[in-house]
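Each remark here refers to the structure printed beneath this line.
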Number of protein chains: 2
Amino acid sequence: MQAADDARPGLWARSRQRAYDEITEVAMDLFLANGFAQTTIDEIVAVAGISRRSFFRYFGTKEDVVLDHFIADGAVLRAALERRPDGEDIWAALRGAVFSLAGEVPDEERLLAVSRMMYETPSLRARSMEKHLHWYDHLAPEVERRLGAGAGGKLRARAIVGCVVTCLDLAGEAWLQDGAAAPLETYFDAALNAIRRPLPTRPSPPG
Amino acid sequence: MQAADDARPGLWARSRQRAYDEITEVAMDLFLANGFAQTTIDEIVAVAGISRRSFFRYFGTKEDVVLDHFIADGAVLRAALERRPDGEDIWAALRGAVFSLAGEVPDEERLLAVSRMMYETPSLRARSMEKHLHWYDHLAPEVERRLGAGAGGKLRARAIVGCVVTCLDLAGEAWLQDGAAAPLETYFDAALNAIRRPLPTRPSPPG
DNA sequence: CGCCTGCTGGCACTGGGTGTCAGCTAGGCA
DNA sequence: TGCCTAGCTGACACCCAGTGCCAGCAGGCG
């Protein structure tokens with residue numbers, strides 16, 4: 001057995017990545033053309049030219065095809081959070097971490113279509129939230145560390161992460177409904193401001 | 001055809017309710033004894049003495065058996081919210097509405113076991129969150145009405161509801177982990193206080 | 001009594017997901 | 001160069017949740 005932590009991008013790994021990408025592309029095309037629920041695994045594997053069994057070696061569920069390249073991995077997010085400066089306000093740090101992962105969007109039209117599918121398909125939303133739950137476990141410890149020791153620190157940290165995630169989800173919903181009229185950050189900030197208490201009288205008003 | 005809104009507790013309706021209750025009891029016993037995922041519909045219907053097909057006439061999915069008597073219906077929650085006094089703070093109103101629905105708990109041990117099952121079974125958590133999503137649509141309009149007109153009122157209302165639901169979920173998690181050491185309200189308040197800005201009444205001294 | 005309505009069981013079927021096995025191929029090693 | 005094995009693959013047989021359909025039966029009513 002080889003050390004698992006030793007990165008070795010051999011021919012197999014590359015071939016596997018190619019297959020993974022190809023299945024994803026084929027499946028997404030079918031989903032967008034005919035709808036997620038209406039597309040069966042059999043159709044996907046027929047077009048992709050692989051066996052039904054192999055499909056499930058790449059993706060645990062049908063939903064994962066959509067979510068794997070849409071929902072960031074918890075570990076990646078945590079790494080992004082750890083890169084934030086240590087003294088930063090916790091809300092700003094989480095915000096920065098989340099949006100630092102947003103990459104370039106080559107095809108906004110397609111992104112909108114995929115997003116719409118995500119929000120309209122119950123099984124996809126459910127599974128995406130399941131993935132969001134995973135975020136809690138990755139992010140909460142780092143949040144707790146930044147907040148410092150305190151009674152009920154765990155619940156406190158999870159609540160903060162939970163609200164950020166919820167606001168992000170709702171921001172996406174609003175962003176989608178507006179047809180991406182404004183950047184996602186705008187909606188996110190609006191949502192977050194709605195739930196936090198109004199700012200106390202600031203000692204240093206902006207000039 | 002009879003008017004659907006005309007309540008008619010005839011023999012049929014009562015018999016149906018009896019069957020519903022009996023299936024629920026049988027299924028819950030099996031779930032708690034052998035685990036949710038490990039219990040098949042076939043086992044349930046065998047013990048309950050009904051056909052497989054009839055089971056799905058009472059419950060849309062296997063998960064619904066657990067959730068129907070655990071997750072409050074959105075319409076019921078909205079009604080509870082509408083009963084709150086009109087001038088009440090929106091957070092207090094939501095809190096009051098949610099906890100006004102909590103009934104008597106005859107068997108705390110069983111409640112804990114069911115809760116544990118809920119939080120440990122991915123498909124149950126996923127579907128429970130799906131039901132929570134339904135809450136948004138029911139509660140947000142009333143929240144928006146109470147907040148009064150304003151820019152981005154819809155997102156604002158949904159964010160508030162979303163955070164209350166998230167905190168409730170996380171409170172339940174903490175409550176469960178503590179073995180119900182304190183009432184759920186305590187955890188809920190702690191979670192909500194964590195996400196809102198500190199009260200502007202007085203600058204808190206560093207302790 | 002006969003009629004309608006709505007529930008019921010039985011059956012066949014779809015579709016997602018898993019276990020197993022035999023066959024193939026990349027790459028290490030002698 | 002040729003063997004060996006680790007890891008991939010397709011094929012087949014399953015399991016189980018959920019649905020459509022149909023025939024039969026029981027409650028409610030004129």
Side-chain angles (χ1 to χ4, degrees), chain A residues 1-23 26-27 30-31 34-68 121-127 130, chain B residues 1-4 6-24 26-27 30-31 34-68 121-127 130:
Chain A
M1 191 189 295
Q2 199 131 356
D5 53 314
D6 180 24
R8 175 183 52 91
L11 192 145
W12 269 6
R14 271 179 291 140
S15 153
R16 204 177 151 72
Q17 184 61 41
R18 264 181 77 91
Y20 181 94
D21 292 342
E22 201 170 320
I23 298 170
V26 162
L30 285 170
F31 291 156
N34 310 325
F36 180 82
Q38 284 69 39
T39 306
T40 69
I41 308 279
D42 288 319
E43 291 179 73
I44 298 170
V45 300
V47 178
I50 57 167
S51 75
R52 193 183 153 63
R53 195 64 188 82
S54 279
F55 175 88
F56 286 109
R57 289 198 184 93
Y58 285 94
F59 301 96
T61 68
K62 196 170 105 176
E63 286 76 22
D64 286 347
V65 180
V66 181
L67 296 178
D68 275 7
T121 308
S123 69
L124 277 176
R125 269 208 102 165
R127 198 150 179 94
E130 231 178 306
Chain B
M1 194 190 295
Q2 199 133 353
D6 179 23
R8 174 182 53 93
L11 193 144
W12 270 5
R14 269 179 294 140
S15 153
R16 202 176 154 72
Q17 183 62 41
R18 264 180 76 91
Y20 181 94
D21 293 342
E22 203 170 318
I23 298 171
T24 299
V26 162
L30 285 171
F31 290 156
N34 310 326
F36 181 81
Q38 285 69 38
T39 305
T40 67
I41 308 279
D42 287 317
E43 292 179 72
I44 297 170
V45 300
V47 178
I50 57 167
S51 75
R52 194 182 151 61
R53 195 65 189 81
S54 279
F55 175 90
F56 286 108
R57 290 199 182 93
Y58 286 93
F59 302 96
T61 69
K62 196 170 102 173
E63 285 77 21
D64 286 347
V65 180
V66 182
L67 296 178
D68 275 8
T121 308
S123 69
L124 277 176
R125 270 209 101 164
R127 198 151 178 94
E130 230 177 307

Using a 4.0 Å heavy-atom cut-off across all strands, classify B:F55 as base, sugar-phosphate, or nothing.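 No contact.
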
For A:S123, answer base if it contacts any base atom (sugar-phosphate contacts may also be present), sugar-phosphate if it contacts only those atoms, and nothing otherwise; contact means non-hydrogen atoms under 4.0 Å.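 If one applies the 4.0 Å heavy-atom cut-off, A:S123 turns out to touch nothing in the nucleic acid.
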
Atom-to-atom span, [atom1] of [X] to [atom2] of [N] - whole angstrom:
X: B:D64; N: D:dG18; atom1: CG; atom2: P; result: 8 Å
X: A:I50; N: D:dC8; atom1: CD1; atom2: C1'; result: 12 Å
X: A:I41; N: D:dC16; atom1: CD1; atom2: C1'; result: 16 Å
X: B:Q38; N: D:dA17; atom1: CD; atom2: C1'; result: 15 Å
X: B:R18; N: C:dC7; atom1: CZ; atom2: P; result: 18 Å
X: A:R16; N: D:dA6; atom1: CZ; atom2: P; result: 18 Å
X: B:F59; N: D:dT19; atom1: CZ; atom2: P; result: 14 Å

Nearest to the [X] side chain among [options], which nucleotide is it?
X: A:R53; options: C:dG17, C:dG9, C:dT20; answer: C:dT20
X: B:F56; options: D:dT9, D:dT19, C:dC7; answer: D:dT19
X: B:R52; options: D:dA11, D:dG18, C:dG9; answer: D:dG18
X: B:T40; options: D:dG10, D:dA17, C:dC11; answer: D:dA17
X: A:K62; options: D:dC8, C:dG17, C:dG9; answer: C:dG17
X: B:Y58; options: C:dC7, C:dG9, D:dG10; answer: C:dC7

A:D42: which of A:K62, A:R52, A:R53 passes salt bridge (charged side-chain N to carboxylate O under 4.0 Å, His left out):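 With A:D42 as partner, salt bridge (charged side-chain N to carboxylate O under 4.0 Å, His left out) holds for just one option, A:R52.
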
OH on A:Y58 to CD1 on A:I23, rounded to 0.5 Å: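 Answer rounded to 0.5 Å: 5.5 Å.
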
Give a yes or no on whether A:E130 atom CD has more than 12 heavy-atom contacts from other residues, nucleotides or ligands under 6.0 Å away.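 Correct, the count exceeds 12.
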
Answer whether the closest heavy-atom distance between the side chains of A:R125 and A:P122 falls below 4.5 Å.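 Side-chain contact under 4.5 Å: no.
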
Distance criterion of 3.5 Å, no angle test: do you see the side chain of B:R57 paired donor-to-acceptor with the base of C:dG9?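 Donor-acceptor pair under 3.5 Å: yes.
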
Please tell me which of A:G60 and B:S54 maps to the more 5' nucleotide of DNA chain C, matching each residue to the nucleotide holding its nearest heavy atom.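 Closer to the 5' end of DNA chain C: B:S54.
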
Closest heavy-atom contact between A:V26 and A:A48?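 Looking at all heavy atoms of both residues, the shortest contact is CG1-N, 4.1 Å.
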
